[in-house]
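All values derive from a computational prediction rather than experimental measurement. Counting starts at 1 for both ligands and their atoms, following the listed order. Side chains are part of it too, since the values below use all heavy atoms of this structure and drop only hydrogens, waters and symmetry mates.
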Amino acid sequence: MHKLSICTALFSLALCGILNAEESMSMNAADKAMYAEMLENNPAAMDIAEGEELFNAQIGQEAYAKMLGVSVKDLPKTIAGFPRLVKAAGKVVTLSQSLQMAAAQQGKAVPKLESKEMVKMSGYVKSLANDLKTNIDVKVNKQMEEMVVLGKHIFEERRGGRGLSCNSCHSPDIIGSRLRMQELPDLGAPTTASASTWHAYRMTQSAMVSFDKRMQQCMKNALLAELPLGSKEMVALEVYVTNKGKGNTIQIPGLKR
Ligand code: HEC
């Protein structure tokens with residue numbers, strides 16, 4: 001029924017086959033109990049606490065605020081607006097990239113974007129904006145305007161062996177249907193709120209995963225070449241997807257399947 005219209009919209013026989021083979025399935029009682037338990041006691045809270053120690057040892061709020069050109073008091077609302085143009089960088093950067101800049105400025109070793117250290121540190125810093133709404137502004141300057149256009153292009157571009165784009169699975173006409181028993185999520189909807197709930201503890205990986213890394217995992221699953229973290233394309237994608245969920249409340253660490 002609903003699936004047929006999805007297939008005509010998709011033009012992708014490979015994906016159609018997968019979707020049609022799906023059976024509706026919901027979490028069983030044991031899964032639900034485990035999820036509730038983890039909500040109470042998110043295992044990623046430990047990573048966030050380690051991130052706090054790392055951040056305070058390597059950078060500290062004062063030096064970080066100074067690098068961003070804001071007061072310590074304004075740090076949370078500034079953090080709630082990433083990716084953003086950072087003057088000292090001369091371009092739009094992610095929160096993690098801004099932490100690399102601050103570490104370099106402090107004469108400290110610069111953690112790699114994919115390192116565990118960086119995931120913990122950026123998770124902690126993002127959590128400083130908890131309970132605020134994401135306030136990304138894609139019209140505030142020319143650089144942000146360009147990045148959101150590039151990000152939309154990347155989201156919709158069909159790539160890889162199956163000719164899929166992010167939009168093949170995350171467009172308004174397909175979200176809510178199921179792929180390999182997983183509901184296709186509306187990334188911007190308050191119930192998913194991707195940009196404001198990652199870093200999240202991913203139960204299927206027993207680890208805390210950052211937002212950009214989560215997007216890379218979708219690329220891998222859908223056979224799209226993985227865009228490198230920190231590349232202009234990856235940052236643009238983060239701008240675009242974050243803007244879809246602008247106004248959702250930041251709650252780090254999230255808890256996801
Ligand atoms: C073949 C279908 C498919 C494609 C293509 C795809 N995704 Fe996904 N995506 C999914 C499914 C299914 C889930 C939910 C998985 C789950 O529940 O664990 C998901 C989840 C996500 C999430 C996490 C949502 C949350 O819980 O907050 C993000 C972010 C995401 N995708 C981004 C992307 C981006 C960016 C692209 C393009 C580079 C992309 N996806 C391409 C199927 C896809």
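- One distance of note links OG of S127 with CD of E52; it measures 7.5 Å at 0.5 Å rounding.
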For this session: Take I136 and F82, measure what side-chain contact (heavy atoms from CB on, under 4.5 Å) needs, and give me the verdict at the end.
Result: CA-CA 6 Å; I136 187 168; F82 272 95; over 6 Å; no
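- Atoms of ligand 1 found under 4.0 Å from any heavy atom of C218 (numbered from 1 in listed order, with element): 6 (C), 7 (N), 8 (Fe), 9 (N), 10 (C), 19 (C), 20 (C), 21 (C), 30 (C), 31 (N), 33 (C), 39 (C), 40 (N), 41 (C), 43 (C).
- For T192, the heavy-atom gap to ligand 1 drops under 4.0 angstrom.
- Geometric assessment of K256 against the ring of Y35 yields a negative cation-pi assignment under the 6.0 Å and 45° thresholds.
- Hydrophobic clustering of Ile, Leu, Val, Met, Phe, Trp and Tyr side chains at less than 4.5 Å, counting indirect connections, unites V70 with L95.
- Going from atom NZ of K87 over to atom CE of M67 covers 12.5 Å, rounded to the nearest 0.5 Å.
- Residue contacts with ligand 1, taken as heavy atom pairs separated by less than 4.0 Å, do not involve K244 at all.
- If you number the atoms of ligand 1 from 1 as listed, the ones under 4.0 Å from a heavy atom of R202 come out as 18 (O).
- With respect to M234, the side-chain contact (heavy atoms from CB on, under 4.5 Å) criterion is satisfied by exactly one of T94, I154, L227, V239: L227.
- Contacts of I154 with ligand 1, taken as heavy-atom pairs under 4.0 Å, are absent altogether.
- The shortest N or O to N or O distance between T197 and ligand 1 is not under 3.5 Å.
- Clustering ILVMFWY residues whenever any of their side-chain heavy atoms sit less than 4.5 angstrom apart, transitively, puts L128 in the very cluster that holds I59.
- Of all N, O or S atoms in H170, the one lying closest to atom 8 (Fe) of ligand 1 is NE2.
- For the 3.5 Å distance criterion, the side chains of Q216 and K213 qualify, holding a donor opposite an acceptor.
- Less than 4.0 angstrom separates some heavy atom of F211 from each of these atoms of ligand 1: 29 (C).
- Using a 4.0 Å cutoff on heavy atoms, A193 does not count as a contact of ligand 1.
- Atoms of ligand 1 found under 4.0 Å from any heavy atom of M219 (numbered from 1 in listed order, with element): 38 (C).
- Residues E62 and K66 are not paired through a salt bridge, judged by the lack of any N-O separation under 4.0 Å between the basic side chain and the carboxylate.
- Residue S168 places every heavy atom at 4.0 Å or more from ligand 1.
- Closest heavy-atom approach to atom 1 (C) of ligand 1 among the candidates A222, C169, G254: C169.
- Here is the list of ligand 1 atoms found below 4.0 Å of a heavy atom in K256: 25 (C), 26 (O), 27 (O).
- K126 NZ to I252 CD1: the interatomic distance, rounded to the nearest 0.5 Å, is 4.5 Å.
- For the pair R162 and ligand 1, no heavy-atom separation below 4.0 Å is found.
- Residue-level proximity to ligand 1 for C166 is carried by backbone and side chain together, each with a heavy atom below 4.0 angstrom.
- In summary, the atoms of ligand 1 found under 4.0 Å from a heavy atom of S165, numbered by their order in the structure, are 5 (C).
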